[in-house]
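Each remark here refers to the structure printed beneath this line.
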Amino acid sequence: MTLSPEPVVVRRGSDDPTAPVVVLLHGRGADEASIIGLADHLPAGPSYVAVRAPIAEGGGYAWFANRGIGRPVATSLAQTMGWFRAWLDAEHPDGAAGGPVVLVGFSGGAAFAGGLLLAHPGRFAGAAILHGTLPFDAGVPVAPGRLAGVPVFVALGDADLVIPRELLDATWAYLTGDAGSVTTTWRDAGGHGMSEGAVAALGEWLTHL
């Protein structure tokens, strides 16, 4: 599997190096341009960075090879998480004077954000899992208490027919139970897409981090 040599990114919001950094992670088969517009509906203050996934797929890009929708190949996920962490640690070193880093992932980007958070929960100030699943059975820890005290936002639509229902339900159950995270939830009757209510709730969550 060949990965892009380095991420392609687009930016919105603050250029203050001490501002919080919100990393936007797009869905499978999309790109950074498909998600950066979300920043226009989120609070002013953070620096928003949309990152292109490293694996070319069709007309877009993917965060990992999968073995079915919402089910990453463990070796692929480990490789792409390492690629992402190399970029992040170079641009926003852990423990440096810069602002905290928050992950916001949609669909396939949600699984990737979840993998990053589960692998290194102390690295991130929080994560939003939007209309996606955590990467269960993909080599990252999902033990009880793994995300103890970590702020998490999770949104799903009851009519989502893209992500398998058992994975959506398992993600919801884990993040509102065994994970130990400080979880804010949004659930509506919609499908596989962010409603106005979900975007507003996400913005409110970001405001209070």
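As a basis for the values below, the full set of heavy atoms in this structure was taken, side chains included, without hydrogen atoms, waters or symmetry mates.
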To the closest 0.5 Å, what do you measure between CZ (F84) and CG (L77)?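 Reported to 0.5 Å precision, the distance equals 12.0 Å.
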Distance in Å, L202 CG paired with L38 CG, rounded so as to fall on 0.5 Å steps: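 Reported to 0.5 Å precision, the distance equals 6.0 Å.
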Considering only distance and modelled atom types, tabulate donor-acceptor pairs under 3.5 Å from the side chains of residues 134-157, sequence neighbours left out.
from: R146; atom 1: NE; to: L118; atom 2: O; distance (Å): 2.7
from: R146; atom 1: NH2; to: L118; atom 2: O; distance (Å): 2.8
from: R146; atom 1: NH2; to: A119; atom 2: O; distance (Å): 3.2

Apart from [X] itself, which Ile, Leu, Val, Met, Phe, Trp or Tyr residues share its cluster (side-chain heavy atoms under 4.5 Å, direct or through members)?
X: Y61; answer: none
X: L161; answer: none
X: V182; answer: none

Got a list of side-chain donor-acceptor pairs under 3.5 Å for residues 185-194, not counting sequence neighbours?
from: W186; atom 1: NE1; to: D188; atom 2: OD2; distance (Å): 2.8
from: R187; atom 1: NE; to: D158; atom 2: OD1; distance (Å): 2.7
from: R187; atom 1: NH2; to: D158; atom 2: OD1; distance (Å): 3.2
from: D188; atom 1: OD1; to: G190; atom 2: N; distance (Å): 2.9
from: D188; atom 1: OD2; to: S195; atom 2: OG; distance (Å): 2.7
from: H192; atom 1: ND1; to: D160; atom 2: OD1; distance (Å): 3.2
from: H192; atom 1: ND1; to: D160; atom 2: OD2; distance (Å): 2.8
from: H192; atom 1: NE2; to: S107; atom 2: OG; distance (Å): 2.9

If you look only at pairs with a residue in residues 59-79, which of them pass as a salt bridge (charged side-chain N to carboxylate O under 4.0 Å, His left out), with sequence neighbours excluded?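 Counting only pairs at least two positions apart or across chains, the salt bridge (charged side-chain N to carboxylate O under 4.0 Å, His left out) contacts touching residues 59-79 are R71-E166.
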Keeping to residues at least two apart or across chains, list the salt bridge (charged side-chain N to carboxylate O under 4.0 Å, His left out) pairs with something in residues 192-204.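 Output for this query is empty, none listed.
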Shortest non-hydrogen contact between [X] and [Y], atoms and distance:
X: I129; Y: A110; result: CD1-O, 3.6 Å
X: A65; Y: I55; result: N-CD1, 4.0 Å
X: V51; Y: P7; result: CG1-CB, 3.6 Å
X: P54; Y: T80; result: CG-CG2, 3.8 Å
X: G70; Y: P72; result: O-CD, 3.4 Å

Residue of the set L25, L130, V23 for which side chain to side chain contact (heavy atoms under 4.5 Å, CB included) holds with V104: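 The side chain to side chain contact (heavy atoms under 4.5 Å, CB included) with V104 is passed solely by L130 among L25, L130, V23.
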Per the side chain to side chain contact (heavy atoms under 4.5 Å, CB included) rule, which among V21, V22, V49 passes with V101?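 That would be V21; it is the only one of V21, V22, V49 passing the side chain to side chain contact (heavy atoms under 4.5 Å, CB included) with V101.
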With distance as the sole test, does D169 use its side chain to make a donor-acceptor pair with the main-chain N or O of W172 at under 3.5 Å?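 Checking the backbone N and O of W172 against the side chain of D169, no donor-acceptor pair under 3.5 Å is found.
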Does R28 use its side chain to pair, donor to acceptor, with the backbone of F64 at less than 3.5 Å?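 Present.
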Evaluate the side-chain proximity of S47 to D16: yes if any heavy-atom separation is below 4.5 Å, no if none is.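 A side-chain contact is absent here, since even the closest heavy-atom pair is not under 4.5 Å.
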Pairs where residues 11-45 contributes a residue and the test ring pair (Phe, Tyr, Trp, His ring centres under 6.0 Å) is met, not counting sequence neighbours: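 Checked against ring pair (Phe, Tyr, Trp, His ring centres under 6.0 Å) - neighbours excluded - the pairs reaching residues 11-45 are H26-W63.
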Tell me whether [Y] is reachable from [X] by hopping between hydrophobic residues (I, L, V, M, F, W, Y) whose side-chain heavy atoms are closer than 4.5 Å.
X: V8; Y: Y48; answer: no
X: L3; Y: L88; answer: yes
X: F106; Y: F124; answer: no
X: W83; Y: V9; answer: yes

Hey, is CG on D15 packed in by over 12 heavy atoms from elsewhere, all under 6.0 Å?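 No - once you tally the heavy atoms of other residues, nucleotides and ligands closer than 6.0 Å, there are 12 at most.
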Looking at E57, I want to see if its CD is surrounded by more than 12 non-hydrogen atoms of other residues, nucleotides or ligands under 6.0 Å.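 Enclosed.
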Please evaluate residues E6 and W87 with respect to the criterion side-chain contact (heavy atoms from CB on, under 4.5 Å), reporting the C-alpha separation (whole Å), side-chain torsions for both, the decisive distance (0.1 Å), and the verdict. CA-CA 7 Å; E6 60 184 49; W87 166 79; 5.8 Å; no
Go through the structure and list residues passing side chain to side chain contact (heavy atoms under 4.5 Å, CB included) with [X], not counting sequence neighbours.
X: A125; result: P100, V102
X: A78; result: none
X: A50; result: V10, L24, E32, I35, I36

Going by atom types alone, do T171 and T133 pair a side-chain donor with an acceptor below 3.5 Å?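 On atom types as modelled, these side chains qualify, holding a pair under 3.5 Å.
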Tell me every residue that passes salt bridge (Lys or Arg N to Asp or Glu O under 4.0 Å) with D89, counting only those two or more places apart in sequence or in another chain.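 Expected list: R85, R123.
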